[in-house]
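No experiment lies behind these values; they were computed from the predicted model shown. The sequence lines fix the lettering, A, B, ..., with proteins before strands; numbering per chain opens at 1.
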Amino acid sequence: MDALLPRAFFDRLAEEVAPDLLGCVLTRSTPEGDVSVRLTEVEAYAGLRDPASHAYRGQTGRNAVMFGPPGHAYVYFTYGMHFCVNLVCQGEGTAAAVLLRAGEIIEGGELAAARRPRSTERDLARGPARLCEALGIDRALSGADVCSPSSPLRVLPGSPVPGIRTGPRTGVSSAKDVPWRFWVDGDPSVSPYRVHTPRRRTVIDRA
DNA sequence: CCAATGATTGACT
DNA sequence: GTCAATCATTGGA
């Protein structure tokens, strides 16, 4: 079996780990089979020192995994319907993490397509919630050790990636100026950039 | 207790 | 370009 990324890889600042994750491969194993994605877009979050991080205001039940050791998955549920996955970085207590935003499916494409039946091949993992859906990642995987060979979610090294670009993070409502989104220039699986738009008032709000 | 909203997506004008 | 879906989590009353 191929060697996984060592835990030391993740024991660094998230903004240092993030570009090194591009080209690496995330594999999800289920009884139905394996699906693997080659990462093409990620975002770094610096935990306690980052206003855009879920961990900015300290440890809660939801973000507890981020305060643990590096090399584990932090999965959260958002907008009432989507999951997103991060990989915890740096030492315990810092709550740094890298959000996995997009990639190219390189194994298990049939299973990924079955999980996302209305998606084109290009869009299978083009976005953080799409990536999770294609790989079958949900809350149950939060805390999974991606450095362990027996884990249902693992990360393997990739070949060095040319053309890494950086820019502001997508969809965040604070610290928009920090250029901690990293992607592979020109890769079709990179998600379209969208600025954060505050939600409008609903009918119930006006009643 | 309760109201607000989100590290998004897909559908639609 | 605009907008609704849909609910866990959060922070404040």
Looking at residues at least two apart in the chain, or sitting in another chain, which of them share a side-chain hydrogen bond (donor to acceptor under 3.5 Å, both in side chains) with A:Thr27? A:Ser36
If you take any heavy atom closer than 4.0 Å to DNA chain C, which residues from residues 49-65 of chain A end up in contact? A:Arg57, A:Thr60, A:Arg62
In residues 73-81 of chain A, which residues come under 4.0 Å of DNA chain C by heavy atom? A:Phe77, A:Tyr79, A:Gly80, A:Met81
What is the distance, to the nearest angstrom, from the [atom1] atom on [X] to the [atom2] atom on [N]?
{"X": "A:His82", "N": "B:dG10", "atom1": "NE2", "atom2": "P", "answer": "7 Å"}
{"X": "A:Arg116", "N": "B:dT8", "atom1": "CZ", "atom2": "C1'", "answer": "11 Å"}
{"X": "A:Arg169", "N": "B:dG6", "atom1": "CZ", "atom2": "P", "answer": "15 Å"}
{"X": "A:Arg118", "N": "C:dA5", "atom1": "CZ", "atom2": "P", "answer": "15 Å"}
{"X": "A:Arg199", "N": "B:dA7", "atom1": "CZ", "atom2": "P", "answer": "12 Å"}

May I ask you to decide whether A:Asp50 forms a salt bridge with A:Arg169, counting only side-chain N to carboxylate O separations under 4.0 Å? yes
Salt bridge or not between A:Asp123 and A:Arg116? Use side-chain N to carboxylate O under 4.0 Å. no
Consecutive Watson-Crick or G-U pairs in runs of at least 3, all under 3.5 Å, in which DNA chain C is involved: B:1-6 with C:7-12, B:8-12 with C:1-5
Stretch [range]: residues that reach within less than 4.0 Å of DNA chain B through a heavy atom:
{"range": "residues 93-106 of chain A", "answer": "A:Leu99, A:Arg101"}
{"range": "residues 180-196 of chain A", "answer": "A:Arg194, A:His196"}
{"range": "residues 125-136 of chain A", "answer": "A:Gly127, A:Pro128, A:Ala129, A:Arg130"}

Roughly how far apart, to the nearest Å, are [N] and [M] at atom [atom1]?
{"N": "C:dC3", "M": "B:dT5", "atom1": "C1'", "result": "16 Å"}
{"N": "C:dG1", "M": "B:dA7", "atom1": "C1'", "result": "23 Å"}
{"N": "C:dT6", "M": "B:dC2", "atom1": "P", "result": "23 Å"}

Does [X] have more than 12 heavy atoms from other residues, nucleotides or ligands lying within 6.0 Å of its [atom1]?
{"X": "A:Glu121", "atom1": "CD", "value": "no"}
{"X": "A:Arg165", "atom1": "CZ", "value": "no"}
{"X": "A:Arg57", "atom1": "CZ", "value": "no"}

Each residue besides A:Tyr193 in its hydrophobic cluster should be listed here, by chain and number; the cluster joins Ile, Leu, Val, Met, Phe, Trp and Tyr at side-chain heavy-atom distances under 4.5 Å. A:Val195
Return yes if a side-chain donor-acceptor contact under 3.5 Å exists between A:Arg101 and A:Thr40, otherwise no. no
To the nearest 0.5 Å, what is the distance between OH on A:Tyr45 and SG on A:Cys89? 13.0 Å
Return the SG to CG distance between A:Cys132 and A:Leu141, rounded to the nearest 0.5 Å. 9.0 Å
Backbone of [Y] reached by a side-chain donor or acceptor of [X] within 3.5 Å:
{"X": "A:His72", "Y": "A:Gly143", "value": "yes"}
{"X": "A:Asp20", "Y": "A:Val17", "value": "no"}
{"X": "A:Arg181", "Y": "A:Thr170", "value": "no"}

Going by the rule salt bridge (charged side-chain N to carboxylate O under 4.0 Å, His left out), which residues pair with A:Asp11 if we only count those two or more places apart in sequence or in a different chain? none
Sequence neighbours excluded, which residues qualify as salt bridge (charged side-chain N to carboxylate O under 4.0 Å, His left out) partners of A:Arg62? none
Could you check whether A:Arg7 makes a cation-pi contact with A:Phe10, meaning its NZ or CZ is under 6.0 Å from the centre of the six-membered ring and within 45° of the ring axis? no
Tell me which pairs pass ring pair (Phe, Tyr, Trp, His ring centres under 6.0 Å) where either residue lies in residues 131-186 of chain A, with sequence neighbours left out. none
Does A:Phe83 have any ring-ring contact (aromatic ring centres under 6.0 Å, His included) partners at least two apart in sequence or in another chain, and if so, which? A:Phe77
